[in-house]
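All ligand and atom numbering here is 1-based and tracks the order in the structure.
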Amino acid sequence: MKKVVKFGGSSLADSHQFEKVANIIHSDPSRVYVIPSAPGKRFPADTKVTDLLIKSYNTAVSGQDPTPVVDEIRARYQEIIDGLSLSISLDEEFETILNFLKGDDLYLDYIASRGEYLNGRLMAAYLGFEFIDPYEVIFFNEEGNLNTYKTDKMMSARLAEVPQAVIPGFYGHGKDDRVKTFSRGGSDVTGSIVAANAKADIYENWTDVSGFLVADPRIVKNPVPIHTITYRELRELSYMGASVLHEDAIFPVRTKGIPINIKNTNRPQDEGTWIVESTARKPAYTITGIAGKKGFCATLITKDMMNSEIGFGRKVLQAYEENNISFEHMPSGIDTMTIVVHESEFLEKEQQVVSAIHRLAQPDNVEIESDLALIAVVGRGMKSQRGTAARIFSALAHARVNVRMIDQGSSELNIIIGVANEDFETAIRAIYDIFVLTKL
Ligand code: ASP
């Protein structure tokens, strides 16, 4: 058994958290490759080290002295060194960072990556594991995307030589031999790449929550956790705003059939959530999860006999394409179709879009509705259950929520419901209650 373990920023925010992490690693000898993030928040109003690094960069670029911010960062690491009684000094490293900030070849990715780099150095010293710099094993191509071929080759060769290692998350080797980072939260991606190349049995992703919850805890009080979720379900939920894992983190492990286990560093006894390719395990409820977002806008296009007009849909979509707007959903009826887009993208260009629809498709009528929230009710269990949609709609009717749009994908993995922004929270609670509390 081989496990790759990634620890998020809050799991490594101070020396006390480092101790918890070391206990977790030492309690299971199969945890052989460790991917640390940079120190995160110790309390809600705290600042992540990555954000402090970005601040130091901005300070330097604006011509001011970055030393005070760098000192703040230094103090975060010194607390960890002192708290764990490590005999390591980062003085030289900070010297290099300061020189870099004051030098002519300053660029952001290098500075932003130092949070993970330094935390990796401390973690390797503390665990007595070898340190592998991702600069040597993770490569990006000219366009800035991951060079999977080269990364897999270099990473797997290196891991084969080193039985236990700490590999910092978030960055690698970019164009012109510069350091390049993934987008924010990218240590999840590093962990996934390491897991795939180590041929791990499990990729454990340690954070500060015990996995995914059926609904957002800011909306539903004490929502139940999700035990097992498939990659496809997760994709639907993440797209709709459920964020625990970086979106790109599933791809490397998915192709290798390696499950991801989301775990809580502060409650290691909790099983957390399993993210898997496929499962025979029945979901605990008909639905796996509910997620949603506000701020959409729907354009309703009506034309008599639309159903028999070949190419009508294409012409309408062309109006969006011409204006460089991507659409989210497209429910349609016999003589109507609705195009749902992000309001923020649409507002500026709405009149151009409407006139383009008229010019290209000659509809009878075009009507715009704004302030729409979309809710995705996701679950692999829905297709084998009769009456799921009926239950959702009767719950919403009971809660006096007016449903303004319905879209069910043919995969029957999700039902998307459009409601007014102001009904968003009420609708989510009503759906949660009907499936989870009354366990229908
Ligand atoms: N430290 C980086 C961030 O704050 C990357 C990560 O934590 O995964 O985004």
Would [X] count as a cation-pi partner of [Y], with NZ or CZ less than 6.0 Å from the six-membered ring centre and within 45° of the ring normal?
| X | Y | value |
| --- | --- | --- |
| R114 | F100 | no |
| R391 | F393 | no |
| R254 | F251 | no |

Exercise for review: May I ask you to identify, for S187, whether its side chain, its backbone, both or neither come under 4.0 Å of ligand 1 on a heavy-atom basis?
Suggested key: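 Contact part for S187 vs ligand 1: both backbone and side chain.
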Do any heavy atoms of [X] fall under 4.0 Å from ligand 1?
| X | value |
| --- | --- |
| E116 | yes |
| G9 | no |
| G115 | no |

Exercise for review: Would you please indicate if the ring centroids of Y117 and Y135 are separated by under 6.0 Å?
Suggested key: no
Check your understanding: Any idea which protein heavy atom is nearest atom 7 (O) of ligand 1, and the distance to it?
Key -> S37 OG, 3.3 Å
**Study point:** Under 3.5 Å: N/O of D188 near N/O of ligand 1
**Key:**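 No.
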Check your understanding: Backbone or side chain, does any N or O of G185 fall under 3.5 Å from an N or O of ligand 1?
Key -> yes
Check your understanding: Could you state the interatomic distance from CZ (F296) to CG (L372), rounded to the nearest 0.5 Å?
Key -> 8.0 Å
Exercise for review: Flag yes if more than 12 heavy atoms outside R232 fall under 6.0 Å of its CZ atom; otherwise flag no.
Suggested key: no
Study note, to complete from the structure: Near R184 (heavy-atom distance under 4.0 Å), the atoms of ligand 1 are 3 (C), 4 (O), 9 (O)
